[in-house]
**Student:** 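A single structure is presented below for examination.
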Amino acid sequence: MTKKELATEVATRLGIEPQHAEKVLEVYFSVTKKTVSSGEAIFIRGWGTLSPVLRKKKVGRDIKKNEAVEVPARYAVQFRAGHDFKKRMKALKVA
C-alpha cells in the first residue's frame, strides 16, 4: 500500500477529503521521524513500538573483493509489533 492509498483509505473511513487525510499522515510521519530520531520511542497500544536502537560496530565482508570491512556503529529504527498485531498476523492463512 502506498501513502496515497493509505490516505484514501483513511479519508474514506473518516468521511473527510483525501487532501486532509494526506496532511494528517504527513504530520504523523513528521512527528514520528522527529521523535524517534531524537532518541525517544513511540508506543501505540495494540499496534507496536518504534524505537531507536544502537547497532554495534562489526566486521563485515566486501563480497566483490572478498575482504573484511569494518561497519561503523549506527542507529537504526526497530519496530516491535504489539500483542493485538501479533495475534492478527498469526491468524493469517498461508496460501
Side-chain angles (χ1 to χ4, degrees):
M1 178 179 272
T2 65
K3 186 166 55 171
K4 191 163 194 83
E5 292 169 336
L6 180 60
T8 302
E9 180 70 22
V10 169
T12 302
R13 289 186 183 202
L14 294 178
I16 61 175
E17 294 293 318
Q19 299 87 348
H20 294 128
E22 283 185 44
K23 284 187 178 186
V24 168
L25 288 175
E26 283 298 324
V27 170
Y28 168 76
F29 293 134
S30 175
V31 170
T32 299
K33 284 186 238 178
K34 180 181 168 195
T35 303
V36 175
S37 66
S38 72
E40 293 182 63
I42 296 176
F43 174 72
I44 301 172
R45 187 175 304 282
W47 184 71
T49 304
L50 286 165
S51 56
V53 178
L54 179 62
R55 303 282 187 216
K56 296 178 186 176
K57 74 176 183 177
K58 63 181 181 180
V59 177
R61 182 147 303 276
D62 181 343
I63 58 174
K64 291 183 180 178
K65 298 178 184 176
N66 199 23
E67 296 176 346
V69 178
E70 186 176 304
V71 179
R74 63 184 174 81
Y75 280 95
V77 178
Q78 179 181 45
F79 173 73
R80 296 189 133 189
H83 181 72
D84 295 343
F85 195 176
K86 285 181 185 177
K87 273 178 41 177
R88 286 192 118 175
M89 294 305 294
K90 283 182 182 178
L92 284 179
K93 302 292 182 205
V94 177

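Heavy-atom basis, side chains included; hydrogens, waters and symmetry copies ignored. Numbering starts at 1 and runs along the sequence shown.
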**Student:** Take a 6.0 Å sphere around OH of Y75 and say whether it holds more than 12 heavy atoms from other residues, nucleotides or ligands.
**Tutor:**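 At most 12 heavy atoms, drawn from other residues, nucleotides or ligands, come within 6.0 Å of this atom.
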
**Student:** Any salt bridge (charged side-chain N to carboxylate O under 4.0 Å, His left out) involving residues 63-72? Give me the pairs, sequence neighbours left out, ordered by first then second residue.
**Tutor:**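 Not a single pair qualifies under salt bridge (charged side-chain N to carboxylate O under 4.0 Å, His left out).
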
**Student:** Please check if F79 and L92 belong to a single hydrophobic cluster, counting links between Ile, Leu, Val, Met, Phe, Trp and Tyr side chain heavy atoms closer than 4.5 Å.
**Tutor:**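 F79 clusters together with L92.
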
**Student:** Between side-chain atoms of residues 47-58 and protein atoms elsewhere (two or more places apart, or another chain), which donor-acceptor pairs fall under 3.5 Å?
**Tutor:**
none

**Student:** Apart from V24 itself, which Ile, Leu, Val, Met, Phe, Trp or Tyr residues share its cluster (side-chain heavy atoms under 4.5 Å, direct or through members)?
**Tutor:**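 Members alongside V24: none; it stands by itself.
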
**Student:** Are F29 and V77 in one and the same hydrophobic cluster, where Ile, Leu, Val, Met, Phe, Trp and Tyr link if side-chain heavy atoms are under 4.5 Å apart?
**Tutor:**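 Same cluster.
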
**Student:** Do you reckon L25 sits in the same ILVMFWY cluster as V31, going by side-chain contacts under 4.5 Å, direct or chained?
**Tutor:**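 They do not share one cluster, since no chain of ILVMFWY contacts under 4.5 Å joins L25 to V31.
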
**Student:** Mind checking side chain to side chain contact (heavy atoms under 4.5 Å, CB included) for E5 and listing every partner two or more places apart, or none if nothing turns up?
**Tutor:**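 Residues passing side chain to side chain contact (heavy atoms under 4.5 Å, CB included) with E5: M1, T2.
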
**Student:** Do any pairs count as a salt bridge (charged side-chain N to carboxylate O under 4.0 Å, His left out) and have a residue in residues 72-88, sequence neighbours left out, and if so which ones?
**Tutor:**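 Non-adjacent pairs meeting salt bridge (charged side-chain N to carboxylate O under 4.0 Å, His left out): zero.
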
**Student:** Could you note down all residue pairs passing side-chain hydrogen bond (donor to acceptor under 3.5 Å, both in side chains) where residues 26-42 supplies at least one of them, sequence neighbours left out?
**Tutor:**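 Non-adjacent pairs meeting side-chain hydrogen bond (donor to acceptor under 3.5 Å, both in side chains): K3-E26.
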
**Student:** Once side chain to side chain contact (heavy atoms under 4.5 Å, CB included) is applied, do any residues pair with I16, and if so which ones, sequence neighbours excluded?
**Tutor:**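 Partners of I16 by the side chain to side chain contact (heavy atoms under 4.5 Å, CB included) criterion, ordered by chain and then number, come out as A11, L14, H20, A21.
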
**Student:** Quick one: side-chain hydrogen bond (donor to acceptor under 3.5 Å, both in side chains) pairs with a partner in residues 9-18, sequence neighbours left out?
**Tutor:**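 Listed once each, the pairs are E9-R13.
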
